[in-house]
Amino acid sequence: MRLFILSIFICMQYVNAQDCDYKNNPEGQILYDFNKDANVKFIASGNIKAYQSDLGINIEIEEGESGKIIFSGNWDLSCWSYLGFTITNTSKQVSRIDPIVKGKMKSRKWVTPIEGICWVNPLETLEFNNLLLPDYGTKKSFYNNLNLDFPNMRGFPDGISFVRSFDMRFVEQIEIEFPPSQVEQSFILKKIRAHKPSIAPLYLIDKESFFPFIDKYGQYKHGDWPQKIKNDKQLKSQIQTEDKDLKLNPISSEWNKFGGYKQGSKFKGTGHFRVEKIDGKWWFIDPEGYLFWSTGVNSAGKFNVATPINGRRHFFEDLPNREYSNFYNGNKFNFGNLILSIKYGSSDLYLNRSLKRMKSWGMNSMGGWSNNDIIQANNDQKVPYTLSVGTLKYKVNSKLPDVFNEDWKTTVNNNIKRVSASAKNDSFFIGFFVDNELNWYDPNNFVLEMFKFKKSTSTKSKYIEELKKEFVKIEVLNKKCGSNFISWNEFYDFEGDKFLFNLKDFNIKFYIQYCEKYFKTIKEAINYHSPEKLYLGCRWHAGGRKNHRNKFNILIASKYVDVLSFNQYVNELNDFNFPGKEEIDKPFIISEFNFGALDVGKFYPGLGHASSQRNRGEKYENFIESALNTTNCIGAHWFMWANSTTAGRGYEGENANCGVLSETDTPYYELIKYMRKINYNIYSYRTKK
């Protein structure tokens, strides 16, 4: 009876995240202390030996073997941002573990576990923090008070941010996987605890005192961390510190002036970048004919850290008077421009510093949306770059172009001509990304969304024109669909229904026609206006349930693009797959990936997450290694140059720890250390036998 009453008390204590009692729980919520808790129940699975001793849970894994240990229960962890695993590596080599947290949603059956990757050094005791990221579905229900108080923010102070996961009130299982290693492994698991408040304690105690919570530099006012900027002098002093670091680490010894493999074999050089398959692996070939693998970053050399202020003025401390400041742009205040003004006096030389940084960090490519002033830079300063083109002036759904509109074709040609006018003869210019994360859908949903979008598009007219040829009479269509349209005009005006799915075969045929038109038109425009430059694809985002990546559009794209591009927010590429992969022998690039953490005053890690700045670096190195081991992958671009603004940018509210630099232009040296470690050796790694 006593245990039953205790369990009710715990559930009542955490029934609402607003009732978190942080004052009386300074160490967090202890789930297990294996030094104190005797005979803890757990399951050992696979070829591992696990037993409890006075030191904790001892885990031993023989060479080449793997396994996991599993803890089951019912935990409410909604008050916390981290689930911490204190573990000692008692072996003599770096070892990897993969913690996994599982739970449920009351509103649906499907859920996604939260997975981490941890590397523990020899004889190190480490607390690895798996982030506790609640499901999107709880944002406007369980966390609605926060949602109302912090509009246009993806993550709330101090760290509640949302992914596809589960309800943190209903955590049911904790697993720790031990992947196989070439040597014996041994660990001692000492403790599992939930900690780091997910809601700012001051906000809970005294909401009025919590605001403003963004300081004059755009940082979180109520937190502290190494390298937080406290005054202008400290900000300016970073220049000298970084200059010393850049001088010590100027560039990889493997690289030629393009970042190609000067120590490797030389192939045909054309004065432009191209792609070729050599000894079973795809590569870029640089203008001089050397192997080139693209390690890059999005938005390189741009520091526009802007945030909306209307309706949120109380968020900010010491914003300058609008009448005397150049840092306002309509509804936004640009903290990035403010920082550059204080730190450097102006932003005029920022691109030059950015190019030095890229070479020093081991990044040989400027990814999407980077600083286009690179075109005018001196060749001895440049790094290879891409240019981004959009084609969405005319649309057929919320984010897909109206390709049968002749004005769309004109737009494509005008945009490619304009963007490449000064770059088409530049050997450092790799090629074009055209569009980003389009709403492709599968064929049936493509048609449904087209009808829902609006009544008049050229693509919709083309669809109905082809449908008339197929069925001739509206009565035949009605019989096929189970509809009751009186005329084709009535059909044109209706706003969509799932009975259109009865036209599956026709929808597929039209979808193929649409995809052909899209990719062919863009390829022809590039060939005409900027011959010799590469078409780097449309940067597909994950398909998910909407099937934006599907066997039709990717197969058709492979006929026209030089390089497929995928935005891929996963831990590693070891199991990476995409529709049609078996039928396509084409190079691809990961056009976006990243890992963010919550240990530097940010509230949202980003679409990829890590335990700490160190773990960001470890996961970066691991991701690049997995990409280098993938025969068709010829590059990976980090998203992005600098953190999103702390208070959220634009309507989507992104405020992630996604940058190589903080929102104050401060380098994340722990991350950079791992970037250099792998990037300086990409060619010796990829060409090893």
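Below, each value reflects all heavy atoms present in this structure, side chains not excepted, and no hydrogens, waters or symmetry copies.
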* To do: Tell me, please, whether W361 has R357 positioned over its six-membered ring: NZ or CZ under 6.0 Å from the ring centre and within 45 degrees of its axis?
  => no
* To do: Using the side-chain contact (heavy atoms from CB on, under 4.5 Å) rule, take D402 and D407 through it: C-alpha gap first, then chi angles, then the decisive distance, then the call.
  => CA-CA 9 Å; D402 186 12; D407 289 335; over 6 Å; no
* Could you go step by step and tell me if F428 and F258 meet the ring-ring contact (aromatic ring centres under 6.0 Å, His included) rule? -> CA-CA 7 Å; F428 283 85; F258 293 103; 4.6 Å; yes
* **Expected output: side-chain N413 to main-chain A525 donor-acceptor under 3.5 Å** => no
* To do: Please report the C-alpha distance between N629 and Y685 in whole Å, then the side-chain angles of each, then the deciding distance to 0.1 Å, and finally whether the side chain to side chain donor-acceptor pair (under 3.5 Å) criterion is met.
  => CA-CA 9 Å; N629 288 328; Y685 187 95; 3.2 Å; yes
* **Closest non-hydrogen atom pair, N643 against S662** => ND2-CA, 3.5 Å
* To do: Indicate whether the side chain of Y569 and that of E592 have a donor and an acceptor atom separated by less than 3.5 Å.
  => yes
* Asked: F510 and Y463: aromatic ring centres closer than 6.0 Å?
  -> yes
* Heavy-atom pair with the smallest gap, counting every atom of F429 and S530 -> CE2-OG, 3.9 Å
* If you measure from CD1 on I416 to OH on Y528, what distance do you get to the nearest 0.5 Å? -> 13.0 Å
* Would E437 and N567 count as a side chain to side chain donor-acceptor pair (under 3.5 Å) if you check the C-alpha gap in whole Å, the side-chain angles of each, and the deciding distance to 0.1 Å? -> CA-CA 8 Å; E437 297 191 341; N567 298 345; 3.0 Å; yes
* Is the backbone N or O of G543 less than 3.5 Å from a side-chain atom of N547, with the two atoms forming a donor-acceptor pair by type? -> no
* Using modelled atom types only, decide if a donor and an acceptor are shared between the side chain of T386 and the backbone of M366 within a distance under 3.5 Å. => yes
* SG-CD distance between C633 and Q568, expressed to the nearest 0.5 angstrom -> 10.5 Å
* Asked: If every non-hydrogen atom of V101 is compared with every non-hydrogen atom of V171, which pair is closest and at what distance?
  -> CG1-CG1, 3.8 Å
* To do: Please confirm whether the backbone N or O of G368 pairs with a side-chain atom of N298, one donor and one acceptor, at under 3.5 Å?
  => yes
* Y560 and E516: side chain donor to acceptor below 3.5 Å -> yes
* If only atom types and distance count, is the side chain of N553 paired as donor or acceptor with the main-chain N or O of C515 below 3.5 Å? -> no
* **Qualifying residue, where the test is ring pair (Phe, Tyr, Trp, His ring centres under 6.0 Å) with Y620 and the options are F595, F593, F639, Y674** => F593
* Asked: Are F578 and I584 side-chain neighbours, meaning at least one heavy-atom pair lies under 4.5 Å?
  -> yes
* To do: Supply the atom-to-atom distance R686 CZ to K281 NZ, rounded to the nearest 0.5 angstrom.
  => 5.5 Å
* Asked: OG of S388 to CG of N415: how many Å apart, nearest 0.5 Å?
  -> 12.0 Å
* Side chain to side chain, F166 and I114, heavy atoms closer than 4.5 Å -> yes
* Any chance you could lay out the side-chain contact (heavy atoms from CB on, under 4.5 Å) test for Y518 and I556, step after step, and finish with the verdict? => CA-CA 10 Å; Y518 174 81; I556 292 166; over 6 Å; no
Scan the side chains in residues 299-310 for donor-acceptor partners under 3.5 Å anywhere in the protein, sequence neighbours excluded, and list what turns up.
residue : atom : partner : partner atom : Å
K302    : NZ   : W369    : O            : 3.2
T307    : OG1  : R312    : NH2          : 2.8
T307    : OG1  : G648    : O            : 2.6
N310    : ND2  : N331    : OD1          : 3.1

* Taking the side chain from N657 and the backbone from A597, do they hold a donor-acceptor pair closer than 3.5 Å? -> yes
* Asked: Could R539 and F433 be counted as a cation-pi pair, given that NZ or CZ must be under 6.0 Å from the ring centre and within 45° of the axis?
  -> yes
* Please say which of Y220, F162, Y143 ends up in a ring pair (Phe, Tyr, Trp, His ring centres under 6.0 Å) with F156. => F162
* To do: Please determine, by modelled atom types, if D599 and S612 share a side-chain donor-acceptor pair under 3.5 angstrom.
  => no
* Asked: Where do N615 and S611 come nearest, in terms of heavy atoms and distance?
  -> OD1-N, 3.0 Å
* With sequence neighbours left out, what residues match N364 under side chain to side chain donor-acceptor pair (under 3.5 Å)? -> none
* Can any side-chain N or O of R164 pair as donor or acceptor with the backbone N or O of D135 at less than 3.5 Å? -> no
* Asked: Can you check ring-ring contact (aromatic ring centres under 6.0 Å, His included) on F588 and F576, steps first, answer last?
  -> CA-CA 12 Å; F588 69 83; F576 177 62; 5.2 Å; yes
* Counting N and O atoms only, with roles assigned by atom type, does the side chain of K462 sit under 3.5 Å from a partner on the main chain of F404, one being a donor and the other an acceptor? -> no
* **Test item: F335 and T646 side chains (from C-beta on) under 4.5 Å apart, heavy atoms** => no
* Does D562 come within less than 4.0 Å of K533, counting only side-chain N to carboxylate O? -> no
* Test F446 against Y514 for ring-ring contact (aromatic ring centres under 6.0 Å, His included), laying out the working first. => CA-CA 10 Å; F446 163 80; Y514 175 93; 4.9 Å; yes
* Asked: So, does K399 use its side chain to make a donor-acceptor pair with the main chain of N436 at under 3.5 Å?
  -> yes
* Stepwise side chain to side chain donor-acceptor pair (under 3.5 Å) check, N571 with K619 -> CA-CA 7 Å; N571 281 329; K619 294 186 79 170; 2.6 Å; yes
* **Straight-line distance of N502 CG to N507 CG, nearest 0.5 Å** => 9.5 Å
* Asked: Is there a side-chain contact between V561 and K523, using heavy atoms and a 4.5 Å cut-off?
  -> no
* To do: Please examine the side chains of W293 and W282, heavy atoms only from C-beta on, and report whether any two atoms are closer than 4.5 Å.
  => no
* **Residues, nucleotides or ligands: over 12 heavy atoms within 6.0 Å of K586 NZ** => yes
* Can you tell me how far CZ of R549 sits from CG of D442, rounded to the nearest 0.5 angstrom? -> 15.0 Å
* Side-chain heavy atoms of S354 within contact of W641, under 4.5 Å -> yes
* **Heavy-atom pair of closest approach, residues N655 and K602** => O-CE, 3.5 Å
* **Salt bridge R616-E670, side-chain N to carboxylate O under 4.0 Å** => no
* Would you please indicate if the ring centroids of F150 and F603 are separated by under 6.0 Å? => no
* Ion pair E583/K551, N-O distance below 4.0 Å -> no
* **N/O donor-acceptor pair under 3.5 Å between S565 side chain and L536 backbone** => yes
* Among W540, F566, Y441, whose ring pair (Phe, Tyr, Trp, His ring centres under 6.0 Å) with H548 holds? -> Y441
* **Residue pair V396 / K460, side-chain heavy-atom distance below 4.5 Å** => no
* Tell me, do Y82 and L131 make a side-chain contact under 4.5 Å, heavy atoms counted? -> yes
* Can you name the nearest heavy-atom pair linking S165 to M168, along with the distance? -> OG-CE, 4.2 Å
